[in-house]
Participant: 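Got a structure here, written out as structure tokens. Questions coming.
Within every chain, numbering begins at 1; the chains are lettered A, B, ... in the order of the sequence lines, protein sequences first and strands thereafter. In this text, all values refer to a predicted model and were calculated from it rather than measured experimentally.
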Amino acid sequence: MTAPPAERNDLPSQYDAGLVEADIYAGWERSGYFLADVASRKPAYSIVIPPPNVNGSLHIGHAFEHTLIDAIIRRKRMAGFEALWLPGMDHAGISMQNVVERHLGTEGISRHDLGRAAFVERVWEYKANYGGAILRQMRRLGSSVDWSRERFTMDAGLSRAVRTMFGRMYADGLIYRAERIINWCPRCMTALSDIEVEHSDDEGELVSIRYGPLTVATTRVETMLGDTAVAVHPDDERYAHLIGTEVELPLTGRRIPVVADDAVDPAFGTGAVKVTPAHDPNDFAIGQRHGLATPSVINERGVIIASGPFQGLDRYEARPAITAALRELGLIVAEKRPYLHAVGHCDRCKTVVEPRLSKQWFVAVAPLAKAAGDAVRDGRTTLHPPEMRDRYFAWVDNMHDWCISRQLWWGHRIPVWYCSDGHVTVPGDADQPDPLTCGTCGLDGLRQDDDVLDTWFSSGLWPFSTLGWPAETEDLARFYPTSALVVGYDIIFFWVARMMMFGTYALPDVPFRDVLLHGLVRDSRGKKMSKSWGNVVDPLEWVDRYGADALRFTLARGANPGGDVPVSEEWVQGARNFTNKLWNATRFALLNGASTTEPLPAPEELDPESDWILSRLQTVVAEVDGYYEAYEFGRVCETLFHFAWDELCDWYLELAKLPLANPDLAPRTRAVLGHVFDVLLRLLHPVMPFVTETLWRQLTGGESVMVAEWPVADPSYAHRGAEEAIAELQDVVTAVRRFRSDQRVKPSATLPAVAVGGSVPFPAQVAALARLAGLGSAEQLPPGWSPVVAGRVSLGVDLSGVIDLAAERARLAKDRAAAVKERESASAKLTNAQFVGKAPAAVIDKTKARLGAAEADLARIADQLAALRSE
RNA sequence: GGGCCCGUAGCUCAACGGUAGAGCGCCGCCCUUACAAGGCGGAGGUCGCAGGAUCAACACCUGCCGGGCCCACCA
């Protein structure tokens, strides 16, 4: 796609992002630049997308994450890497099933009315109709993903990876089935892993109940129906005589033993604990140690199933009912009292989780977690920012076995078959067909496990399953390990740790070299965005209004490693203004014939202002490159923003106007202009792809900045002298401008004549100065003089009608006060530093210079005040 | 109950052992031939509090106050 170079003087004075972005993206897609070529000789650079949920839509957090990833990928592509950004989506097990069930609910039917096959069919339909919205929206943002490699966690290839992984881990004893206490959501009707449970401190009531001679306390009265013991600490003298005896369990007519167990804290409450092995993980462990029965009294819907008067009540109806019954019997010792305690909630639907004994599949995490921890400890994978390492280690070092079976219909069905004798058959390899006969006894009529796998099981394989694993594909060889993972710190455990576990288990190397953990997007007051706060924003609305580049710049600019990012529409407006500034500045360059075809003159051949901007440019190139490499996107943006706006636009373009008007000087200045804009646009491209593409094509006539070379700093253009000269010029101009402002000299009025301070080094600069400061003429004078006062004294110009002498005296007095303060500060510091003689020489010198400057200022101010007095 | 982070200009946030920065907001002046989505000038901070080590701290250490986050099977 070759963009026809537009008429150079045909650019409107405002940038309209909406006008160009869609076409540009379509052109990029057609060009094939997004595709990664396995056969290329370039070094590989790869990132797999953190797959968004199929049922979601692009929110501001995605926009943030995608901006960072795209910036990384685009820069690497320009820098000569074969860059791959692999897109895709996650089937989002519970989440997606819930969404579809809700839709069915509006039709008045449940998934059970449909049956499993029909329900799963519906989910696929839903996915086809609504899924992938995010991936389509990504085009709006400009994400340069390789669409030819798009994957889905339920597609055939990934299903094969899941089945292979399960088979291998089962064979290795890393996946097993067991009856355990698991977290159960009575609403979603499925088991959950530990991290799918959110704990919150909820108000409960601690009720003390008399069990014969003992008193126990509980927040969950209803579980007492399933108690099979009371436990006390073995060393607790108060109860030593009761150990081994039995007490009566109220309301049930059952007698239960008193057991001694170390898990009991004798200092808590009465030191006696009721034990409900089927409904509490602690109690289950106690039960195991003492061979207690494990009767379940609450079913999967949270309903009491113990026979008796409470049977059929919901757990929350049963609680007060049982309490009342106990009170009637006089068994409530103390009145119930409010008690704040941690309660687990389902992270999908917020229902209070019910610990429940059931038979589930688990991953034995110990060896995997160790490998995942080691990979970070020994530096094969690096976490950014490093503070996140502690969090990561705390998790992998203390992980419990992972419950991976879910009682859902949407997901990867567990690849396990049972015969009527209950033997388990697991196909060892993904390419084996579903087994027809039992591997143990040879019976046929096998039945597949009804459950599906935790959605994070398949996500955990993402970095290599998407590249073709278990097949040994070229993609896998070329792009694994992936170079970086860019993801929010909120899913370190859900996802990052799991990928590390699976990756180090199944492949010879880690899944990624760098992990960049970004923060959450917040509103302008630093508040977390949530629907209930009403502060969520639709990123695409901002894209519509201000353009994708403005949104991207805003997000990238706010990115500090690991930090949260506040955004507001005003920030985006500011970024939009920046795109417009770039637009107009480039337009100025184009109108003035900026050229990228003329060779850039060597430093000696240039005017100081050009030496200066090129010197600054090469510094900026080096800095920005380093910031990109360190994932310091905030600084990338900050540096480029200031260079472009404050230095290039506010000073260089103004300074360039004079040489551009001079036929002898213009060609060189045009070459410098062309070069500076060319480099600037390339540096900005990873963050602001659209506006830079538009402008870069106009400027250079090139095909696409996407595939332009990444700039490299050229230290031969470093020019200290020019930087100092321009700094001095800026000081003087600012002083004159300040004078004008103080003296209320109209901007349109030209001061009749004035002398300027500073060692302004050459005639062109004096002319520039006259222009920038609105002077009729200017001459050099010793530095440091208030311009007009100097003019009066030195040139004899009579400004008495123009100058407000009192205002000028006030200004000088103020300057003098500042100089006095500065002299004192520098002097104190110098005395201090010299006294002990430990300060580095550089510091002493610098401080001496400060002191000298302050003293010189004071002398000049005194002279000027004296001159004014004689006026 | 453990662990982590943060308290810097009105707001949101940077920086850093050696003279406090940005964006937005605010005040004043300007439609100056790239840009009013702009230009120029300016105001505004005892860097949460109290100690300590250092020639020198906003920056390092300790304690306190205030705010946030993560992990957690004490009934």
Side-chain angles (χ1 to χ4, degrees), chain A residues 11 13-15 181 194-195 199 206 216-220 223 231 263-265 267-276 280-285 339 341-342 344 355 387-388 390-391 394-395 398 400 489-490 492-493 520 522-526 528 546 557-558 560 562-568 570-571 573-592 634-635 638 641-642 649-650 653-654 657 733-734 737-742 744-748 771-774 822 825-826 829 831-840 842-844 846-847 850 854:
Chain A
L11 293 173
S13 70
Q14 279 196 0
Y15 173 56
I181 292 270
D194 291 346
I195 43 175
H199 293 271
L206 194 62
V216 298
T218 182
T219 53
R220 303 198 55 212
T223 63
V264 178
D265 175 3
F268 186 93
T270 60
V273 187
K274 62 190 274 304
V275 180
T276 321
D280 184 279
N282 262 330
D283 294 3
F284 180 76
Y339 184 66
H341 64 139
E387 300 89 270
M388 289 295 174
D390 290 336
R391 218 182 254 199
W395 166 255
N398 298 297
H400 295 178
Y489 59 66
D490 53 333
I492 296 181
F493 310 138
L520 275 29
R522 295 171 178 277
D523 72 10
S524 59
R525 292 170 309 169
K528 196 168 169 176
Y546 307 110
R557 187 178 195 174
N560 295 111
D564 290 342
V565 188
V567 297
S568 79
E570 288 165 8
W571 303 166
Q573 279 172 13
R576 183 273 317 266
N577 293 355
F578 180 49
T579 62
N580 197 233
K581 190 74 179 173
L582 287 172
W583 175 266
N584 278 297
T586 310
R587 180 161 156 254
F588 169 85
L590 289 168
L591 290 171
N592 283 283
R635 291 197 206 180
E638 209 61 35
F641 180 87
H642 282 292
C649 291
D650 287 348
L653 294 189
E654 294 305 323
K657 283 174 182 173
V733 170
T734 300
R737 286 172 175 168
R738 188 167 71 156
F739 170 82
R740 297 179 66 108
S741 183
D742 286 350
R744 313 219 170 262
V745 178
K746 278 189 194 151
S748 53
R771 195 190 113 72
L772 294 181
E822 170 67 1
S825 151
K829 176 155 194 160
T831 312
N832 204 4
Q834 282 178 328
F835 181 70
V836 182
K838 278 192 191 168
V843 172
I844 303 252
K846 218 170 148 185
T847 312
R850 265 179 67 195

Participant: A:Ser568 side chain N/O closer than 4.0 Å to the phosphate oxygens (OP1, OP2) of B:C24?
Facilitator: no
Participant: Looking only at the side chain of A:Arg737 (C-beta and beyond, no hydrogens), which of the listed nucleotides B:C74, B:G41, B:G39 gets closest?
Facilitator: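 Of the options given, the side chain of A:Arg737 lies nearest B:G41.
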Participant: Provide the closest heavy-atom pair for A:Thr219 versus A:Leu206 in the form atom of the first, atom of the second, distance.
Facilitator: CG2-CD1, 3.8 Å
Participant: Which nucleotide wins on minimum distance to the side chain of A:Phe493, given the candidates B:C71, B:A75, B:A34?
Facilitator: B:C71
Participant: List the residues meeting side-chain contact (heavy atoms from CB on, under 4.5 Å) with A:Asp490, not counting sequence neighbours, and say none if there are none.
Facilitator: A:Leu520
Participant: Quick one: does A:Glu638 reach the base of B:A22 with a side-chain donor-acceptor pair under 3.5 Å?
Facilitator: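 No.
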Participant: Closest to the A:Ser741 side chain: B:G41, B:C73, B:A34?
Facilitator: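 So the nucleotide nearest the side chain must be B:G41.
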Participant: Nearest whole Å is fine: how far is B:G38 P from A:Asn580 CG?
Facilitator: 7 Å
Participant: Considering only the P atoms, how many Å lie between B:G7 and B:G67, rounded to the nearest integer?
Facilitator: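 The answer is 15 Å between these two P atoms.
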Participant: Counting heavy atoms from C-beta on, name the nucleotide in B:A75, B:A34, B:C13 closest to the side chain of A:Thr219.
Facilitator: B:A75
Participant: Output yes when at least one side-chain N/O atom of A:Asn577 is less than 4.0 Å from OP1 or OP2 of B:G38, else no.
Facilitator: yes
Participant: Would you mind reading off the distance between A:Arg557 atom CZ and B:C13 atom P, rounded to a whole angstrom?
Facilitator: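 In whole Å, B:C13 P and A:Arg557 CZ are 15 Å from each other.
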Participant: Taking CZ from A:Arg635 and C1' from B:G21, how many angstroms apart are they, rounded to a whole number?
Facilitator: 12 Å
Participant: Write down the atom of A:Pro355, the atom of A:Ile181, and the distance for their closest heavy-atom approach.
Facilitator: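 Nearest pair, atom of A:Pro355 first, then A:Ile181: CB-CG2, 3.9 Å.
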Participant: To the nearest Å, how far apart are A:Asp564 CG and B:G7 P?
Facilitator: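 Whole-Å distance recorded here is 13 Å.
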Participant: Given the C1' atoms of B:C49 and B:C6, what is the spacing between them in whole Å?
Facilitator: 16 Å
Participant: With sequence neighbours excluded, what pairs up with A:His341 under the side-chain hydrogen bond (donor to acceptor under 3.5 Å, both in side chains) test?
Facilitator: none
Participant: Map every base of RNA chain B to its dot-bracket character, where paired means a Watson-Crick or G-U wobble contact with both distances under 3.5 Å and | marks a partner outside the strand.
Facilitator: (((((.(..((((....[..)))).(((((.......))))).....(((((..]....)))))).)))))....
Participant: When you measure from the side chain of A:Trp571, which nucleotide among B:A34, B:U12, B:A37 comes out closest?
Facilitator: B:U12
